[in-house]
Amino acid sequence: MNKYRSHNCNELNKSHVGKKVLLSGWINKIRDHGNLLFLDLRDNYGITQCIIDNENKNFSKIEKIQLETVISINGKVLDRSTETINKEIKTGEIEVSIESFNILGTCKELPMPIFSDQEYAEEIRLKYRFLDLRRKKIHENIILRSKVISFIRNEMSNLGFLEFQTPILTSSSPEGARDFLVPSRLNPGKFYALPQAPQQFKQLIMVSGFDKYFQIAPCFRDEDARADRSPGEFYQLDLEMSFVEQEDVFNVVEKLLISTFKKFSNKKLMFNKFPKITYSDALLKYGSDKPDLRNPLIINDITDIFTREDVSFEIFKKLVKTGSRVRCIVTKSTQDKPRSFFDNIDKWAKDQGASGLAYFTIEESDEIFAKGPIGKFFSREALEKIMEKTQAKVGDSVFLACDKQKELEKITSLARDKIAKDLDLIDENIFAFCWVIDYPMFERDEQTNKIEFSHNPFSMPQGDIGKINFEKPLDILAYQYDIVCNGIELSSGAIRNHIPELMYKLFSIAGYDKKQVDEKFSGMINALSYGAPPHGGIAPGIDRIVMLLANEKNIREVTMFPMNQNAQDLMMDAPSNVSENQLKELSLLLKLKK
RNA sequence: GGGGGUGUAGCUCAGUUGGUUAGAGCGAUCGCCUGUCACGCGAUAGGUCGAGGGUUCGAGUCCCUUCACUCCCGCCA
């Protein structure tokens, strides 16, 4: 027999009564009754109550042990009397009478309790992550993550995908996020970059003829953190397929996500076939390219109304004349909501930096009229027109915002969330997936006024390649798509451009000449000219998938050893200083800002 | 880079209009307790009120600066 344990802490039940057992684990809790003591022993699998009384010579020794000490216990399994059965734990029908014990690992006074549902400051949780990870909730989250990943691996293999590793030390690319750089000792003055995603490698794998690839790939981007975005590194289910069209990728990913979410969550799926929303529709109806479809509120554009003679809301009319637009959100049957409901939302909008949200409620006595601070500015005909455009009915309220398109999208999108929350319109027990499709190939940078790739420069433009109008680059759509779930962007992907001439052409629109493309993307562009198959793929974010499945709002709750918001690892003390000698070997000199 | 929130005992927090010696629960230490499962009871120790400066007879509390953590904006092909 193993010298540490004969059973795990979740294993023993009535059938073991009378048996001698050996258990090892952490002391989760001690309840000391003076001459009788209960000790909850915990391991990865569960908890077993152990018991000892003062007739045992070890009694006084065991009374003195710190919680979280690791011990092994020799004892006998006892039946519990009916009234002492604990239904909360799997081993609650029995207990182990301690005959002897051994201390395997001592424990100092704890900086934070393990056995507690209390919330703790992240600083202390991250510094003592190894203790934090012993706690039930996060321990289970991390186990869930492991199970999800192995399930996905299995499914991908079954679907005929091959798993490959790609380099971690690679070259810096000019597009996209900030790179993490690694100085090269053997090539003084030169740097590797950690991959932001294995984008070029996976395309090269297709050119190499492997047909279907996937990888649970680490990705590194040196950008600031958010609740749903780790600083530094995260994982994607990176996949790529040859000889496919957009629909083929959709079919694979939909199947995978549906089976994963059905297996690991009890929440309902709102759609068994993911709806497809075009990028431009998403921005109009939801103000965002990551709409939360659990939220029934829809944004409508009613700019036209404010060019009418019988509308006298001069502030908006004036703004509309100078190119602003007016969009609104209709809330159903809110005529009886108190004034404070509306004013709170207006105040909230002002706090968000907008000029506020105007509102009125549609009512009817002899005829239809608008009630509220700005109601008097609308004629009956104008109101009817608004009702027709927005499907609003008597008793509904209309919230309006007026601004330049981009700002307007932002505030209406936020307002959509805010109002839905206030009205409790979002069903938390649902996953609402959708595809966002037809992204534009290019967009204009507002500051520099330059044309830039809006997403991935390697995406294939839509339409007949011979007939694309390159004179109007902003009108070119790409076979570029995202998956969104509950307002969280889960992945983005594309059918790739495998035609070198077309690639040069598109890069030239974004301001890169042939030489620059050859330099920056030498591996890729070279490979594409040696017989590249049409191919495409996508890369769902693993951390966010697990976050949704674990019902967590913060990505650190599903990350084993996360960094804090300033990209520091408080446990390992990274990043840290390095010696002069290390710098010298790398031909580096520090020039720190004061 | 910008905005919001938080910072008081090892941990979680309370602390009124500025007023005597800054409190509670958990944890720790010591004692009592033979059926608990958030065991119970009693006692003890534990504080640079994040830091620095200012106003004041007097600051945990008001003002300024600064630091840390966090949420958001920017950023994230």
Side-chain angles (χ1 to χ4, degrees), chain A residues 28-41 47-56 59 63-64 66-68 78 80-89 91-92 95 107-128 131-132 173-179 196-197 199-200 219-232 234 290 351-353 407 410-411 414 439 441-443 445-447 452-459 478 480 482 489 492-494 506-507 510 520-521 539 541 553-554 556 563-566 568 570:
Chain A
N28 193 56
K29 191 77 191 168
I30 287 177
R31 292 175 294 280
D32 186 354
H33 289 227
N35 293 312
L36 171 76
L37 177 151
F38 299 96
L39 183 157
D40 292 339
L41 194 69
I47 285 180
T48 302
Q49 173 167 286
C50 303
I51 182 167
I52 187 169
D53 66 23
N54 61 355
E55 283 174 25
N56 188 306
F59 184 79
E63 269 191 306
K64 304 266 184 263
Q66 275 270 281
L67 296 184
E68 293 304 310
L78 303 180
R80 288 207 211 179
S81 63
T82 326
E83 65 278 10
T84 61
I85 285 175
N86 182 354
K87 289 189 182 123
E88 303 292 311
I89 56 173
T91 59
E95 59 199 4
C107 180
K108 297 198 286 188
E109 189 181 340
L110 295 163
M112 57 187 277
I114 309 299
F115 177 63
S116 163
D117 292 330
Q118 231 163 17
E119 306 253 1
Y120 302 98
E122 292 229 43
E123 201 171 354
I124 197 138
R125 292 183 59 196
L126 295 183
K127 181 165 179 195
Y128 295 96
L131 293 179
D132 192 37
S173 85
E175 289 288 320
R178 215 173 279 118
D179 281 320
Q196 296 185 19
Q199 179 64 37
Q200 294 189 58
C219 304
F220 306 90
R221 296 176 192 176
D222 186 5
E223 299 294 348
D224 288 352
R226 287 289 184 278
D228 65 351
R229 200 164 86 203
S230 294
F234 60 98
K290 35 183 186 177
D351 288 344
Q352 298 300 309
E407 286 71 34
K410 196 193 266 166
I411 189 64
L414 289 169
Y439 276 79
M441 191 78 214
F442 298 100
E443 65 189 4
D445 185 302
E446 290 200 337
Q447 264 126 49
E452 295 184 334
F453 289 108
S454 72
H455 266 62
N456 187 324
F458 306 124
S459 299
Q480 164 91 40
D482 276 15
E489 184 187 324
S492 72
L506 295 170
F507 267 100
K520 286 296 177 189
F521 307 103
K553 295 245 181 304
N554 193 303
R556 292 185 295 275
M563 297 199 283
N564 71 8
Q565 193 165 48
N566 294 320
Q568 297 160 337
L570 299 175

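Here is the naming used below: chain letters follow the sequence lines, and residue numbers restart at 1 for every chain.
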Notebook entry, point to check: Under a 4.0 Å N-O cut-off, is there an ion pair linking A/Asp40 with A/Lys29?
Noted result: no
Checklist line | Minimum-distance nucleotide (side-chain atoms of A/Phe38 versus B/rU12, B/rC71, B/rU36) | finding: B/rU36
Notebook entry, point to check: B/rU36, B/rA28, B/rU34: which one has an atom nearest the side-chain heavy atoms of A/Glu55?
Noted result: B/rU34
Margin query: Give me the distance, rounded to whole Å, that separates B/rU29 from B/rA68 when you measure between the C1' atoms they each carry.
Written below: 32 Å
Note to self: Go nucleotide by nucleotide along RNA chain B from the 5' end; which of A/Arg556 and A/Ile51 gets its closest nucleotide reached first?
What the structure shows: A/Ile51
Notebook entry, point to check: Whom does B/rG25 pair with, Watson-Crick or G-U wobble, provided both distances fall under 3.5 Å?
Noted result: B/rC11
Note to self: My understanding is that a pair needs two contacts under 3.5 Å, Watson-Crick or G-U wobble. By that rule, which nucleotide pairs with B/rC57?
What the structure shows: B/rG19
Checklist line | Protein-nucleotide distance (A/Arg178, atom CZ; B/rG1, atom C1'), rounded to Å | finding: 11 Å
Notebook entry, point to check: According to the interplanar angle, ranging from 0 to 90°, do the rings of A/Phe507 and A/Phe453 count as parallel (below 30°), tilted (30 to 60°) or perpendicular (above 60°)?
Noted result: perpendicular
Check: So what's B/rG1 paired with, Watson-Crick or G-U wobble, going by both distances under 3.5 Å?
Finding: B/rC73
Next item on the list: Choose from B/rG35, B/rC76, B/rC71 the nucleotide whose nearest atom is closest to any side-chain atom of A/Ala177.
Entry: B/rC76
Item checked: Closest nucleotide among B/rC76, B/rA68, B/rU36 to the A/Arg229 side chain -> B/rC76
Next item on the list: Sticking with atom P, work out how far B/rG53 lies from B/rU61, rounded to a whole angstrom.
Entry: 14 Å
Checklist line | With A/Ser459 via side-chain contact (heavy atoms from CB on, under 4.5 Å) - residues at least two apart | finding: A/Met441, A/Asn456, A/Ala478, A/Gln480, A/Ala494
Next item on the list: I would like to know whether A/Asn564 and A/Glu123 meet side chain to side chain donor-acceptor pair (under 3.5 Å); could you show each step before the answer?
Entry: CA-CA 8 Å; A/Asn564 71 8; A/Glu123 201 171 354; over 6 Å; no
Item checked: Length of the CG-P vector between A/Leu37 and B/rU36, whole Å -> 14 Å
Item checked: A/Arg226 CZ to B/rC75 P, straight-line distance once rounded to whole Å -> 10 Å
Checklist line | Check: A/Arg221 side chain, B/rC76 base, donor-acceptor under 3.5 Å | finding: no
Item checked: C1' spacing across the pair B/rG15 / B/rG7, given as an integer number of angstrom -> 15 Å
Note to self: What is the distance, to the nearest angstrom, from the CG atom on A/Asp53 to the P atom on B/rC33?
What the structure shows: 14 Å
Notebook entry, point to check: Between B/rC69 and A/Gln568, is there an OP1 or OP2 to side-chain N/O distance shorter than 4.0 Å?
Noted result: yes
Next item on the list: Write down the partner of B/rA68 under the Watson-Crick or G-U wobble criteria, each distance required to be under 3.5 Å.
Entry: B/rU6
Margin query: As a test of reading the structure: which of B/rC72, B/rG35, B/rG31 is closest to the side chain of A/Gln49, going by heavy atoms?
Written below: B/rG35
Checklist line | Per-nucleotide protein contact string for nucleotides 38-47 of chain B (B base, S sugar-phosphate only, - none; heavy atom under 4.0 Å) | finding: SB--------
Notebook entry, point to check: In whole angstroms, how far is the P atom of B/rC71 from the CG atom of A/Asp224?
Noted result: 12 Å
Next item on the list: Take the protein atom CD of A/Glu223 and the nucleotide atom C1' of B/rC73, then report the distance between them rounded to whole Å.
Entry: 14 Å
Kindly give the atom pairs (protein nitrogen or oxygen, nucleotide nitrogen or oxygen) under 3.5 Å for nucleotides 5-10 of chain B.
from	atom 1	to	atom 2	distance (Å)
B/rG10	O2'	A/Pro111	O	3.1

Next item on the list: Provide the Watson-Crick or G-U wobble partner of B/rG40, both distances under 3.5 Å; none if there is no partner.
Entry: B/rC32
Item checked: Any residue meeting salt bridge (charged side-chain N to carboxylate O under 4.0 Å, His left out) with A/Arg229, in chain and number order, not counting sequence neighbours -> none
Notebook entry, point to check: B/rU36 C1' sits how many Å from A/Lys87 NZ, rounded?
Noted result: 16 Å
Margin query: Between B/rC13 and B/rU6, how far apart are the two P atoms, rounded to whole Å?
Written below: 12 Å
Margin query: For the P atoms, the ones on B/rG27 and on B/rG42, what distance do you get once it is rounded to whole angstrom?
Written below: 14 Å
Notebook entry, point to check: On a plain distance test, is the side chain of A/Gln118 in donor-acceptor contact with the base of B/rG25 below 3.5 Å?
Noted result: no
Checklist line | Selection from B/rC69, B/rU34, B/rC37 that lies nearest to any side-chain heavy atom of A/Asn566 | finding: B/rC69
Note to self: Just to verify, what does A/Asn35 make a side-chain contact (heavy atoms from CB on, under 4.5 Å) with, not counting sequence neighbours?
What the structure shows: A/Asn54
Checklist line | Set of salt bridge (charged side-chain N to carboxylate O under 4.0 Å, His left out) partners for A/Glu68, sequence neighbours left out | finding: A/Arg42, A/Arg134
Next item on the list: Hey, which sits more toward the 5' end of RNA chain B by its nearest nucleotide, A/Gln199 or A/Asn54?
Entry: A/Asn54
Notebook entry, point to check: The side chain of A/Asn564 lies closest to which of these nucleotides: B/rU70, B/rG35, B/rA68?
Noted result: B/rU70
